K.L.:
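Quick one: this structure, given as structure tokens, is what I'll be asking you about.
A note on names: the letters A, B, ... follow the listed sequences, proteins ahead of strands, and every chain is numbered from 1. Only a predicted model underlies this, so the values are computations on that prediction, with no experimental measurement involved.
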Protein chains: 2
Amino acid sequence: MATGARGPRERMVFAAAQLIRRQGVTATGMREVVAEAAAPRGSLQHHFPGGKEQLVNEAVAWAGRYAAGRVARFVAAMDRPTPSGLFAAMAGQWIDEYQRDGYARGCPVVAATADRADAAEPTRQAAEAAFAEWTGAVAGALTGMGVPAGRAGPLATLMISALEGAIVLARAEHSVRALETVAAELGPLLDAAVG
Amino acid sequence: MATGARGPRERMVFAAAQLIRRQGVTATGMREVVAEAAAPRGSLQHHFPGGKEQLVNEAVAWAGRYAAGRVARFVAAMDRPTPSGLFAAMAGQWIDEYQRDGYARGCPVVAATADRADAAEPTRQAAEAAFAEWTGAVAGALTGMGVPAGRAGPLATLMISALEGAIVLARAEHSVRALETVAAELGPLLDAAVG
DNA sequence: GCGTTTCTATGACGGTCGTCATAGTAGGGG
DNA sequence: CCCCTACTATGACGACCGTCATAGAAACGC
């Protein structure tokens, strides 16, 4: 994932997202975020007066923005964009990361949903918004490829569902098998929707 | 999910699974499990000398066994079993629960993977085994419906990936939309594999 | 120059966590 | 009756958590 983030505040949001990706929200401590971001602990209450929940929600929102932006860049990089090609690129990003860096990290939005959706309603809403932004980007890309308007939304939901599930399976299995499988199985179905 | 469990030990494993479903592993405390199970706290170290990790791993294993058994019961309950029918039943179980009890709970194996896979290798292996047992049950059911041997495994992986992802989306959105969507979109693809 | 706002430093507080030490009770075989 | 095993009760320990109070440093307008 992008390394960006200039100021201490952005670094903390980014570091929070990375830690959440790997251990979830509850297991991620504020002191740990500060250390990971090489940020001053003293400024935590200044930048995030809403406490941990605010930081987590911003990390989730950042992840949604990142995922949506990534979809646009995938499409832009393809000279002849197809739905199966987009999905392969999305899955491929995870395959690359897992093969390069190991299976320590998952999707921060999934992690936040799994352990905070029931306890912190604002965090649940942040996750919902992140998924909506991401799904919207995928659906928009699909319509740009010729997928009928009424089909793009459901197919985008299917793509993201299958991808997220395969990410979990990949982490549990320490294997990219599930990611490759869903990409291969879903490809023809997705391309059949064009026209 | 089944309420079963006679002895205090089984009750604690079951209660742990339920709590993990809703708040993940880290946020679930041992004292909380004991209270939920109406079990004696004093016997925790007796029944689970391996501590929290052992309890969590057994809860994950229980979930895998439960999911696999549920698949068999779904198939047995259908007079003319089809892959799409099985998937609809799997998704329908979650739709029913969410509409009946709200969106507080997810899949315990996903939750355990999300926040312990990187920190506790035995828990990761328990999750892998749970997914393997579940996937095996689904693949076996598919072959029993006439799906060629080489296709059953990948399709089972696709089904579980899409289902798990849709569960996360459903919790984030407080809506069964994603579950209904993946069931509808995947149905024809699955049935096309028969023969 | 000064004052004000923005940011950082540090230590403490109350609470909860998983684990452990120690002791006690129940129950069945001899 | 005794003993041994299975199980339960209770309190404490050290570690960590998120948050807060308080104070100091930097940046900037005027």
K.L.:
Tell me: CZ of B:Phe48 to P of D:dT8, nearest whole Å?
P.N.:
11 Å
K.L.:
Using the closest heavy atom to pick a nucleotide of DNA chain D for each, name whichever of A:Glu32 or A:Gln45 lands nearer the 5' end.
P.N.:
A:Glu32
K.L.:
Would you say B:His46 places a side-chain N or O within less than 4.0 Å of OP1 or OP2 belonging to D:dT8?
P.N.:
no
K.L.:
D:dC17 C1' sits how many Å from A:Leu19 CG, rounded?
P.N.:
15 Å
K.L.:
Are B:Glu58 and B:Arg65 within salt-bridge range, i.e. N to O under 4.0 Å?
P.N.:
no
K.L.:
Could you tell me the separation between the CE atom of B:Met12 and the C1' atom of D:dT8, rounded to a whole number of Å?
P.N.:
10 Å
K.L.:
Rounded to the nearest angstrom, tell me the gap between atom CZ in B:Arg31 and atom P in C:dG18.
P.N.:
7 Å
K.L.:
Is the shortest side-chain N to carboxylate O distance from B:Glu121 to B:Arg124 below 4.0 Å?
P.N.:
yes
K.L.:
Output yes when a side-chain donor or acceptor of A:Tyr98 lies under 3.5 Å from a complementary backbone atom of A:Arg105, and no otherwise.
P.N.:
yes
K.L.:
Do B:Tyr103 and B:Glu173 make a side-chain contact, defined as non-hydrogen atoms from C-beta onward lying under 4.5 Å apart?
P.N.:
no
K.L.:
So which nucleotide from D:dT22, D:dC17, C:dG18 ends up closest to the side chain of B:Met30?
P.N.:
C:dG18
K.L.:
At under 4.0 Å between heavy atoms, what does A:Thr26 touch on the DNA or RNA strands: base, sugar-phosphate, or nothing?
P.N.:
nothing
K.L.:
Quick one: does any side-chain atom of A:Thr82 pair with a main-chain N or O of A:Gly85 as donor and acceptor, under 3.5 Å?
P.N.:
yes
K.L.:
Establish, with yes or no, whether the OP1 or OP2 oxygen of C:dT8 is under 4.0 angstrom from a side-chain nitrogen or oxygen of A:His47.
P.N.:
yes
K.L.:
Rounded off to whole Å, could you give me the CZ-to-P distance for the A:Arg9 and C:dC7 pair?
P.N.:
10 Å
K.L.:
Just how far, in rounded Å, is C1' of D:dT19 from CG of A:Leu55?
P.N.:
14 Å
K.L.:
Atom CZ of B:Arg11 to atom P of D:dT8: distance rounded to whole Å?
P.N.:
9 Å
K.L.:
Tell me the interatomic distance from A:Glu53, atom CD, to D:dT19, atom C1', rounded to whole angstroms.
P.N.:
14 Å
K.L.:
Tell me which of B:Lys52 and A:Arg41 sits closer to the 5' end of DNA chain C, going by the nucleotide each one is nearest to.
P.N.:
A:Arg41
K.L.:
If only side-chain N and O atoms of B:Ser43 are considered, is one of them under 4.0 Å from the OP1 or OP2 phosphate oxygen of D:dC7?
P.N.:
no
